[in-house]
Number of protein chains: 2
Amino acid sequence: MKINLTRRQQQILDYLREQDFDSPPTLDELCRALGLSSRGSLHKHISALVEAGLVEPMDGKHRGVVLREAETTADADRLPFYGYIAAGRPIEAIPRPESLEVPAALRTRRPCYVLEVRGDSMIEDGILDGDWVVIEQRDQARNGEVVVALVDGDEATLKRIEQQPGEVILHPANGRMAPLRYHPDQVQVQGVLVGQMRRYH
Amino acid sequence: MKINLTRRQQQILDYLREQDFDSPPTLDELCRALGLSSRGSLHKHISALVEAGLVEPMDGKHRGVVLREAETTADADRLPFYGYIAAGRPIEAIPRPESLEVPAALRTRRPCYVLEVRGDSMIEDGILDGDWVVIEQRDQARNGEVVVALVDGDEATLKRIEQQPGEVILHPANGRMAPLRYHPDQVQVQGVLVGQMRRYH
DNA sequence: GATACTTGTTCTCTGTTGGTTCTGGTGTAA
DNA sequence: TTACACCAGAACCAACAGAGAACAAGTATC
């Protein structure tokens, strides 16, 4: 996503990935396992991994617990949660993905992720503010599909797409909003809507 | 709901799970089994587990009894699917419930089930034909909640409820449909909407 | 019914563990 | 040189864990 890890950081991350902990290890345990003798040193590496969003932060919480991978690719029923989809913010800017349980029926076999909807632009398609949408990662879409589109490289939005020769039209599903017309070079498809969830409590 | 258990808490929980109690153990018994010598210490851990919803609380009730797993939420990620919710058919008539995977975030701790929506009567609330709705089984509702209501004993419908002295009003979310007014005796609440899911593929 | 015994609950006190922040040192590459 | 990755160790402090005492309410016993 961002930031390149140093050799040692990568090494520690690899160790955490391949290990199968019954309970999350403490810094001391990791030190022993990695042949270090200073918690402080290790802590700096862990902090870097937290910064990179690869390890859960343990703010003060002294949970006898240290790190847990926030990498969610493996788990079948959880998908990374990349934050909000709204005007003015590219998705890739979201720092550390959390994860969200998603039933198999709402996703596809290809890589997917979850966004939380902000705004009312798709309200007539039954997508409301606060809904979670499941997005299949894809850079091509068929006409009529609802897509996550990156406009001019810095504004991500959820709209129904219509691709015509020489222009791309993004249709909101809200009578008070007009379709947006762009040159094909301005619009980059980042994913296609495949599922949606909402909670009422 | 997540909540991180400390090591000791996890350890105690594991012990409770693997043990097969004929009668629920007392704090003293657990202390001996776990090598503690203070009920007070153990009690603090148990309280944490109760807080996390993993153990049944024993509020004051001095039943010579302590804890029992309320393993409800943990892996109950599938809910019974009772069929369609549409006019003209009471829910209890559905013969054989299948089951559907539902993420924990879309359900509650109390018994829930899933229905598939038929019709457009709640379209302005973002509930479309074909959506799955997660219903918490309940026979009472607060005004403003969306409920599964059985009218005259033979017609189940999904509507927003308004209960006034002497009458019950079921509000559709569709400008082309009018609210339905009934005598309280005619309407029986069968559940309350707590979650919703949709697939686009 | 009065008694003693259980059992859950709350409290204080004490010690340990573990995350965090320092300071300083070494080796390496630009 | 400067910059950076890496490590050691010390110190700090809050979270954690346990012991023990005391209390209240249920249960058993006579």
Side-chain angles (χ1 to χ4, degrees), chain A residues 1-17 19-70 95-96 98, chain B residues 1-17 19 21-70:
Chain A
M1 187 139 306
K2 70 162 198 169
I3 309 180
N4 1 7
L5 302 179
T6 68
R7 203 171 29 245
R8 201 65 167 125
Q9 286 162 10
Q10 185 64 51
Q11 183 182 339
I12 292 172
L13 181 60
D14 289 342
Y15 177 80
L16 289 175
R17 279 182 173 148
Q19 222 64 19
D20 205 12
F21 301 107
D22 44 347
S23 64
T26 66
L27 289 186
D28 275 333
E29 288 169 357
L30 280 178
C31 277
R32 275 194 297 277
L34 294 166
L36 295 185
S37 56
S38 162
R39 261 180 308 172
S41 309
L42 180 62
H43 180 262
K44 202 159 54 172
H45 291 137
I46 299 294
S47 301
L49 293 177
V50 170
E51 194 70 21
L54 297 169
V55 158
E56 268 198 8
M58 38 197 170
D59 20 61
K61 289 308 164 203
H62 179 182
R63 34 176 158 162
V65 167
V66 187
L67 32 149
R68 192 154 105 249
E69 302 221 35
R96 62 183 63 134
E98 299 184 4
Chain B
M1 178 141 316
K2 24 43 205 135
I3 308 184
N4 277 314
L5 298 181
T6 68
R7 291 208 159 175
R8 204 67 170 118
Q9 287 161 12
Q10 184 66 52
Q11 186 180 335
I12 292 172
L13 181 61
D14 289 343
Y15 177 81
L16 290 175
R17 280 185 171 144
Q19 224 63 19
F21 301 109
D22 43 349
S23 66
T26 67
L27 288 186
D28 274 333
E29 289 169 358
L30 281 178
C31 276
R32 275 194 298 277
L34 294 166
L36 293 186
S37 57
S38 161
R39 262 177 309 171
S41 308
L42 180 62
H43 181 264
K44 203 161 44 173
H45 291 137
I46 300 294
S47 301
L49 293 177
V50 170
E51 193 72 19
L54 297 168
V55 157
E56 269 197 6
M58 35 196 169
D59 20 66
K61 293 307 165 204
H62 180 184
R63 33 175 158 162
V65 166
V66 188
L67 33 146
R68 197 156 98 246
E69 299 221 36

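Here is how names work: the chains are called A, B, and so on, in the same order as the sequence lines, proteins then strands, and each is numbered from 1. What's counted below: heavy atoms across the whole structure, side chains too, no hydrogens, waters or symmetry copies. Bear in mind that the values here come from a model prediction, so they are computed numbers and not experimental data.
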List, with names and distances, any nitrogen or oxygen atoms from the protein found under 3.5 Å away from nitrogen or oxygen atoms belonging to nucleotides 17-21 of chain D.
residue: D:dA17; atom: OP1; partner: B:T6; partner atom: OG1; Å: 3.3
residue: D:dA17; atom: OP1; partner: B:R8; partner atom: N; Å: 3.1
residue: D:dA17; atom: OP2; partner: B:T6; partner atom: OG1; Å: 3.0
residue: D:dA17; atom: OP2; partner: B:H45; partner atom: NE2; Å: 3.4
residue: D:dG18; atom: OP1; partner: B:R8; partner atom: NE; Å: 2.6
residue: D:dG18; atom: OP1; partner: B:R8; partner atom: NH2; Å: 3.1
residue: D:dG18; atom: OP2; partner: B:R8; partner atom: NE; Å: 3.0
residue: D:dA19; atom: OP1; partner: B:S37; partner atom: OG; Å: 2.6
residue: D:dA19; atom: OP2; partner: B:S37; partner atom: N; Å: 2.7
residue: D:dA19; atom: OP2; partner: B:S37; partner atom: OG; Å: 3.2
residue: D:dA19; atom: OP2; partner: B:S38; partner atom: N; Å: 3.2
residue: D:dA19; atom: O5'; partner: B:S37; partner atom: OG; Å: 3.0
residue: D:dA19; atom: N7; partner: B:S38; partner atom: OG; Å: 3.1
residue: D:dA19; atom: N7; partner: B:S41; partner atom: OG; Å: 2.7
residue: D:dG20; atom: N7; partner: B:S38; partner atom: OG; Å: 3.0

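- Partners of B:S38 by side-chain hydrogen bond (donor to acceptor under 3.5 Å, both in side chains), not counting sequence neighbours, listed by chain and number: B:S41.
- As a whole-Å value, the separation of B:E29 CD from C:dG8 C1' is 13 Å.
- Not counting sequence neighbours, the partners of A:E29 by the salt bridge (charged side-chain N to carboxylate O under 4.0 Å, His left out) test are B:R7.
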### Message
Quick one, B:I12 with B:L30, criterion side chain to side chain contact (heavy atoms under 4.5 Å, CB included). Give me CA distance, side-chain angles, the key distance, then yes/no.
### Response
CA-CA 9 Å; B:I12 292 172; B:L30 281 178; 5.6 Å; no

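- Computed from coordinates, the A:L30 CG to C:dT17 P distance equals 17 Å when rounded to whole Å.
- Checking the phosphate oxygens (OP1, OP2) of C:dT9, a side-chain nitrogen or oxygen of B:H43 falls inside 4.0 Å.
- Interatomic distance, CG of B:D28 versus CG of B:L42, reported as 9.0 Å (0.5 Å rounding).
- The distance between atom CD1 of A:I46 and atom P of C:dG18, rounded to the nearest whole Å, is 15 Å.
- Rounded to an integer number of Å, the gap from CD of A:Q11 to C1' of D:dC7 is 13 Å.
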### Message
Is there a side chain to side chain contact (heavy atoms under 4.5 Å, CB included) between B:L13 and B:R17? Walk through the geometry before answering.
### Response
CA-CA 6 Å; B:L13 181 61; B:R17 280 185 171 144; 3.7 Å; yes

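- Taking atom CG of B:L42 as the reference point, atom P of C:dG8 lies 9 Å away to the nearest angstrom.
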### Message
Apply side chain to side chain contact (heavy atoms under 4.5 Å, CB included) to residues B:R8 and B:L36 and explain how you reach the verdict.
### Response
CA-CA 12 Å; B:R8 204 67 170 118; B:L36 293 186; 3.6 Å; yes

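- The separation between A:L27 atom CG and D:dA8 atom P is 14 Å, rounded to whole Å.
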